Amino acid sequence: MRELKSSCRVAVVQAAPIMFDKDKCVDKALELIGECAKNGAELIVFPELYIPGYPYGMTYGFTVGSRNADGRKDWKVYYDNSILADGEEMQRLVDAAVHHGVYLSMGYSERDSVTATLYNSNMMIAPDGRTMNHRKLKPTGSERVVWGDADRDFFPVMETPWGPMANLICWESYMPLARVALYQKGVTLYISPNTNDNPEWQHTIRHIAIEGHCYFINADLFFTREMYPETAGAAEEIARLNPIACRGGSCVIDPFGHEVSETVWDREAIIYADLDMQKVPASRMEHDVCGHYARPDVLDLRVREG
């Protein structure tokens, strides 16, 4: 393992998006990035689909074998507020990372530049303007009516002063081989942009931190039922949601499975944590999942990069 910078100050932004409004989401993100940088953050992490929000509870008029016109109108609004990986909105975020000299991880709905397919994506941005995009391999459940399966950008890993950094989006972390694909690259910072606010998830993230002996950065959305804008066909669906539609639960877990930060529920917050990066190699003394604790002669994972 290469030498790691001894400490990393991370800011996990548990923020509510301005639902289905890409420009206002970016404006709010830029304000939050500035606040994080002012407070010494070197790495700033936003949740899954912060731009333009997660359409929790909406069906877009889909039933088995049919769609409806109002659902199509609502989907088009979401499509129009999804952004290009190399578009104007993303460039504003890249410029902010460069201006503040920070690493940035941003969850967003990506609009393909050629087809009309959307992808649930996460962009990692370096202080020198380098970008690495990751598309979610398999949208979960009914997410598949909104976003397509990743066709490229499967397992990008960004080199940082704190070691290799990568992300898996929400339930991608329940794909064991996807986790191993990151472990094989020596990941020390494992970012999880998600909307997973159930209590079982809190057990999962601790397991992964121990399994990979890496820092697990859990960035979850918070938003309420009242934050949804008026829709063409989803009023009844939205009315059935809990007042707090997504509770959050963001936190940071160290390579031994211990909390490095508080776990925040039911509100917006910026969570700051100072990571002792020397814990990563120290924790791998007796368990290095793709090193001395592996058996490549028995088990072998082959990954198609894209």
Side-chain angles (χ1 to χ4, degrees), residues 13 15 17-30 32-33 43-55 75-100 102-140 143-160 164-170 172 178 181-182 185 187 189 191-195 217 219 221 303-306:
V13 182
I18 311 302
M19 299 290 278
F20 315 151
D21 188 321
K22 62 182 180 181
D23 295 323
K24 289 182 179 179
C25 284
V26 173
D27 288 344
K28 183 174 179 178
L30 294 176
L32 291 166
I33 291 166
L43 168 61
I44 303 170
V45 179
F46 281 77
E48 175 184 23
L49 294 169
Y50 178 76
I51 304 169
Y54 186 92
W75 182 86
K76 183 59 163 51
V77 169
Y78 197 83
Y79 173 87
D80 289 342
N81 284 279
S82 298
I83 67 175
L84 299 171
D86 60 354
E88 175 184 350
E89 297 85 4
M90 188 60 71
Q91 188 59 51
R92 294 177 68 195
L93 297 168
V94 172
D95 291 344
V98 172
H99 173 74
H100 293 291
V102 297
Y103 285 83
L104 177 62
S105 173
M106 178 61 66
Y108 72 109
S109 180
E110 179 187 353
R111 179 161 48 90
D112 192 89
S113 61
V114 177
T115 72
T117 297
L118 302 179
Y119 297 95
N120 182 343
S121 298
N122 192 84
M123 185 68 78
M124 296 184 295
I125 305 170
D128 60 5
R130 287 178 295 125
T131 60
M132 286 188 171
N133 196 46
H134 168 59
R135 289 177 168 176
K136 190 174 183 180
L137 294 169
K138 173 62 70 174
T140 304
E143 290 179 357
R144 295 169 202 169
V145 306
V146 183
W147 301 281
D149 290 356
D151 60 345
R152 58 180 181 271
D153 302 333
F154 301 134
F155 300 108
V157 172
M158 178 171 281
E159 290 298 329
T160 77
M165 177 175 74
N167 68 87
L168 291 178
I169 300 168
C170 204
E172 283 187 305
L182 298 191
K185 296 183 178 185
V187 63
L189 296 169
I191 294 173
S192 175
N194 68 85
T195 53
I217 301 169
L221 277 175
V303 179
R304 184 170 70 85
E305 299 288 353

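In this chain, numbering begins with 1 at the start of the sequence shown. What you see is a predicted model; the values in this text were computed from it and never measured.
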All ring-ring contact (aromatic ring centres under 6.0 Å, His included) counterparts of [X], not counting sequence neighbours:
X      : value
Tyr103 : Trp162
Phe46  : Tyr50
Phe154 : none
Phe20  : Tyr78

Could you measure the distance from the [atom1] atom of [X] to the [atom2] atom of [Y]? Nearest 0.5 Å is fine.
X      : Y      : atom1 : atom2 : answer
Ile83  : Arg111 : CD1   : CZ    : 9.0 Å
Leu43  : Ile125 : CG    : CD1   : 11.5 Å
Ser121 : Asp153 : OG    : CG    : 7.5 Å

Under the salt bridge (Lys or Arg N to Asp or Glu O under 4.0 Å) rule, collect the residues that match up with [X], sequence neighbours excluded.
X      : result
Glu48  : Lys136
Arg144 : none
Lys185 : Glu305

Quick check: closest heavy atoms across [X] and [Y], and the distance to 0.1 Å?
X      : Y      : result
Glu110 : Asn133 : OE1-ND2, 2.9 Å
Pro193 : Asn122 : CG-OD1, 3.3 Å
Leu84  : Met90  : O-CB, 3.8 Å
Ala29  : Leu93  : CB-CD2, 4.2 Å
Ala96  : Leu30  : CB-CD2, 3.6 Å
Cys25  : Pro52  : SG-CA, 3.8 Å

Is Arg92 salt-bridged to Asp27, going by a charged N under 4.0 Å from an acidic O?
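Yes, Arg92 and Asp27 are salt-bridged.
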Whether Arg135 and Asp112 form a salt bridge (side-chain N of Lys/Arg under 4.0 Å from carboxylate O of Asp/Glu) is what I want to check.
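Salt bridge: yes.
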What pairs of residues pass the salt bridge (charged side-chain N to carboxylate O under 4.0 Å, His left out) test when at least one of them lies in residues 117-133, not counting sequence neighbours?
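Pairs touching residues 117-133 that pass the test: Asp128-Arg130.
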Results of side-chain hydrogen bond (donor to acceptor under 3.5 Å, both in side chains) for [X] - residues two or more places apart only:
X     : answer
Gln91 : Asp95
Asp23 : none
Asp86 : none

Sorted by first residue and then second, give each ring-ring contact (aromatic ring centres under 6.0 Å, His included) pair with at least one member in residues 108-136; sequence neighbours left out.
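Qualifying pairs, neighbours excluded: none.
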Can you confirm whether more than 12 heavy atoms, excluding those of Glu159, are under 6.0 Å from its CD atom?
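Enclosed.
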